[in-house]
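One structure is given below, encoded as structure tokens.
No hydrogens, no waters, no symmetry mates; every other heavy atom, side chains included, goes into these values. Counting starts at 1 for both ligands and their atoms, following the listed order.
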Amino acid sequence: MTPLEIRVEAGDITQAKANAIVVGLFEGIKTPGGATAALDRAMDGAISRLIEDGEIKGKEGEVTVIHTLGRLPAARVAVVGLGKQEQFSLQKVRDATATALRHLRRLGCQTVASVVLGAGAGGLDPQECAQAMAEGAVMGLYRFRRYKAEEDEREVQELTLVEMQQERLEALRRGVGLGITLAQAANHARDLANEPANILTPVEMARRAQDLAQDAGLECEVWEEGRIREMGMGALLGVAAGSAQPPRLIVMRYRGRPGSPETVGLLGKGITFDSGGISLKPAQGMEEMKGDMSGAAAVIACMWALGKLRPPINVTAILPVAENMPSGSALKPGDILRARNGKTIEVINTDAEGRLILADAICYARELGLSPLIDVATLTGAMAIALGPAATGFFANDDALAQRIMQAAEKSGERMWRFPIIQEYRESLRSDVADIKNVGDRYGGAISAAEFLRFFVEETPWAHIDMAPTDNVDRDKGIWVKGATGIPTRTLVHLLLHMAQEE
Ligand code: BES
Ligand code: ZN
Ligand code: ZN
């Protein structure tokens with residue numbers, strides 16, 4: 001998938017043969033140390049001179065390229081800003097790597113050598129830094145160019161991490177290996193979410209899930225409409241009713257602990273396009289709703305990573321997939337649907353469709369005895385309003401699970417924030433004619449949406465990740481490339497790796 005090859009080699013960075021060498025610099029440092037100092041000397045003080053002149057500040061996002069003009073085997077040195085040393089983190093390593101490599105790609109560099117950013121003056125664990133660099137490189141260089149006739153020949157093909165200490169190589173290589181898999185998983189999620197809805201229909205999404213499952217050695221079952229009907233999933237069918245595209249339900253299984261009956265359930269919202277249905281959305285920005293299957297995409301991508309990494313844990317993914325469209329056969333406000341568990345739902349707004357399809361998935365997951373359940377969904381605009389684009393909200397009815405999610409998010413660098421479950425808001429979901437209605441009060445909309453899901457979850461340990469704020473970004477920044485983010489794929493993988501270790 002990625003043409004980029006990442007190698008780890010022992011040696012002296014000043015002697016690296018590449019189109020460019022990358023070194024880092026903290027903000028406010030006047031006299032660079034370590035590898036940056038060695039390169040500075042080799043270039044007769046060019047770096048320190050630029051710092052002195054104020055051209056290199058070491059700020060985050062800053063990349064300064066200096067031509068070596070024959071003074072070094074490499075053609076260029078790129079000094080990448082690491083920001084303030086006291087605010088340094090692995091996320092800064094990911095972002096700096098991504099920013100530097102995108103910059104060098106624009107310059108046409110095909111081969112890049114770098115020190116392990118963060119492992120020197122940064123004081124971070126070298127293996128984790130190597131992992132972060134691999135994540136930054138693979139995610140930062142991601143592009144979705146499938147539909148562009150004009151090819152871009154410029155591509156970074158080789159990144160070599162050059163390390164002085166021979167005894168570190170093995171750990172660095174392990175870090176790089178894990179980083180590549182995590183980042184490739186995130187990029188798989190991005191590929192799915194960036195794909196337009198005329199191509200990525202529910203049928204096509206199921207086909208791609210099967211391809212990824214096969215690549216990673218997972219079981220994958222796809223239910224067609226008839227089976228979904230037989231299984232009494234009236235909520236999923238209701239959402240799909242307005243579309244010419246039939247729905248699918250995807251079940252993926254990873255068994256890393258065959259002796260154990262315990263199986264985690266991952267659920268993902270797979271709305272391949274959310275027009276709002278009869279409760280039609282405004283035209284402005286509606287194209288972004290091709291990404292309304294990002295929750296399912298992240299779950300599929302996480303399953304792929306599990307298949308590649310093979311931790312000792314069992315995980316089953318259940319992905320309801322449908323297109324939400326208005327038409328003569330569409331679901332209407334006032335309609336009453338019957339979910340898999342027999343409970344009836346009065347549809348107040350057909351644009352609150354994610355919770356409908358998830359209701360059926362939750363019922364089925366509970367029947368299978370999956371626990372805990374973790375659902376991932378671009379569920380509410382309210383969550384996006386609450387958090388803005390820099391954080392993903394989640395809910396949990398289990399404090400230990402919430403804590404593990406926070407830890408996993410910390411590891412991935414995907415910022416997450418826990419929201420409260422407020423039982424009182426269940427009242428706003430009371431229907432006069434059915435067991436529940438699909439929309440509550442406008443205020444606290446993300447919380448009443450969670451409350452709707454909890455109606456079906458009951459007492460099962462559960463977390464609900466509302467990624468509506470973060471499924472998409474509007475510009476390139478660090479590891480984020482304009483378009484789908486692939487959030488929270490890496491957080492899910494870390495969570496399950498951690499849970500596998502705990503058993
Ligand atoms: N897919 C949307 C939520 C969404 C909004 C995701 C913005 C990403 C960005 C969801 O199906 C929806 O439309 N929710 C409604 C619910 C409302 C009708 C209760 C919303 O949030 O407005
Ligand atoms: Zn909607
Ligand atoms: Zn939606």
Side-chain angles (χ1 to χ4, degrees), residues 189 193-194 197 200 202 205 235-236 238-243 247 267-298 319-326 330-335 337 345-359 361 375-394 419 425 428-429 431 436-453 455 464-474 483-488:
N194 282 329
L200 199 89
M205 184 148 181
L236 173 56
V239 171
S243 173
L267 317 179
K269 171 178 173 181
I271 294 293
T272 57
F273 187 74
D274 183 11
S275 68
I278 294 296
S279 314
L280 194 64
K281 286 182 181 293
Q284 176 86 37
M286 204 204 273
E287 69 283 359
E288 282 179 22
M289 286 301 126
K290 71 173 184 173
D292 209 23
M293 30 54 70
S294 298
L319 311 156
V321 189
E323 186 182 63
N324 187 23
M325 293 290 277
L331 184 64
K332 302 169 294 297
D335 285 0
L337 302 173
I345 307 166
E346 182 188 8
V347 177
I348 299 301
N349 189 316
T350 64
D351 197 10
E353 83 298 339
R355 62 195 78 180
L356 295 175
I357 67 170
L358 284 172
D375 77 72
V376 190
T378 46
L379 205 65
T380 67
M383 183 59 91
I385 301 279
L387 285 175
T392 306
F394 76 98
F419 271 63
Y425 298 171
S428 70
L429 296 170
S431 165
I436 192 166
K437 58 183 190 176
N438 77 332
V439 170
D441 292 338
R442 194 160 85 87
Y443 291 100
I447 304 174
S448 54
E451 213 32 48
F452 177 91
L453 297 178
F455 177 78
H464 157 55
I465 299 176
D466 189 341
M467 57 173 296
T470 53
D471 68 319
N472 216 270
V473 289
D474 57 12
T485 58
I487 285 174

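- Against a heavy-atom cut-off of under 4.0 Å, Arg355 is close to the following atoms of ligand 1: 16 (C), 19 (C).
- Atoms of ligand 1 lying under 4.0 Å from any heavy atom of Lys281, numbered from 1 in the order shown and given with element: 2 (C), 12 (C), 13 (O).
- For ligand 1, the atoms closer than 4.0 angstrom to any heavy atom of Val439 are 19 (C).
- To the nearest 0.5 Å, atoms CG (Asn324) and CG (Leu331) are separated by 7.5 Å.
- Lys290 NZ to Asp274 CG: the interatomic distance, rounded to the nearest 0.5 Å, is 14.5 Å.
- Asn438 has its side chain within reach of Phe452: a pair of non-hydrogen atoms, C-beta onward, lies under 4.5 Å apart.
- When Met289, Met293, Glu288 are checked for heavy-atom proximity to atom 9 (C) of ligand 1, Met289 turns out nearest.
- Between the side chains of Asp466 and Thr380, at least one donor N or O lies within less than 3.5 Å of an accepting N or O.
- With 2.8 Å as the limit, Asp292 does not count as an N, O or S neighbour of the Zn ion (ligand 2).
- Among the atoms of Asp351, none of the N, O or S atoms falls under 2.8 Å from the Zn ion (ligand 3).
- The shortest N/O to N/O separation between Thr380 and ligand 1 does not fall below 3.5 Å.
- When rounded to 10 degrees, the angle formed at the Zn ion (ligand 3) by OE2 (Glu353) and NZ (Lys269) equals 90°.
- Taking a cut-off of under 4.0 Å to the non-hydrogen atoms of Thr378, the atoms of ligand 1 that pass are 1 (N), 2 (C), 3 (C), 6 (C).
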**Item:** Pair Asn349-Ser279, side-chain hydrogen bond (donor to acceptor under 3.5 Å, both in side chains): steps then yes or no
**Value:** CA-CA 6 Å; Asn349 189 316; Ser279 314; 3.3 Å; yes
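- For atom 10 (C) of ligand 1, the closest non-hydrogen atom on the protein side is Leu379 O, 3.3 Å.
- Polar contact check, Asp351 against ligand 1: a nitrogen or oxygen pair lies under 3.5 Å apart.
- Side-chain contact between Pro333 and Ile278 is present, with heavy atoms from C-beta onward closer than 4.5 Å.
- When distances to the Zn ion (ligand 3) are checked against a cut-off of 2.8 Å, Leu379 contributes no N, O or S atom below that limit.
- Per-residue contacts place Glu353 under 4.0 angstrom from the following atoms of ligand 1 (heavy atoms of the residue considered): 11 (O).
- Backbone and side-chain nitrogen or oxygen atoms of Asp274 are examined, and one is located within less than 3.5 angstrom of a nitrogen or oxygen of ligand 1.
- Contact check for Leu280 versus Met286: side-chain heavy atoms found under the 4.5 Å cut-off.
- Which parts of ligand 1 touch Asp292 is read off a 4.0 Å heavy-atom cut-off, strictly below it: atoms 1 (N).
- With contacts defined as side-chain heavy-atom distances shorter than 4.5 Å, the pair Val376/Met467 qualifies.
- Distances below 4.0 Å separate heavy atoms of Gly381 from the following atoms of ligand 1: 3 (C), 5 (C), 20 (C), 21 (O).
- Checked by atom type, the side-chain pair Thr470/Thr392 shows a donor-acceptor distance below 3.5 Å.
- Applying the 4.0 Å criterion to heavy atoms of Asn349 picks out, from ligand 1, the atoms 18 (C).
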**Request:** Could you walk me through whether Ile348 and Glu346 pass side-chain contact (heavy atoms from CB on, under 4.5 Å), step by step?
**Result:** CA-CA 6 Å; Ile348 299 301; Glu346 182 188 8; 3.7 Å; yes
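- Asp274 contributes OD2 as its N, O or S atom closest to the Zn ion (ligand 3).
- The pair Asp375-Lys269 does not count as a salt bridge, with every side-chain nitrogen at least 4.0 angstrom from each carboxylate oxygen.
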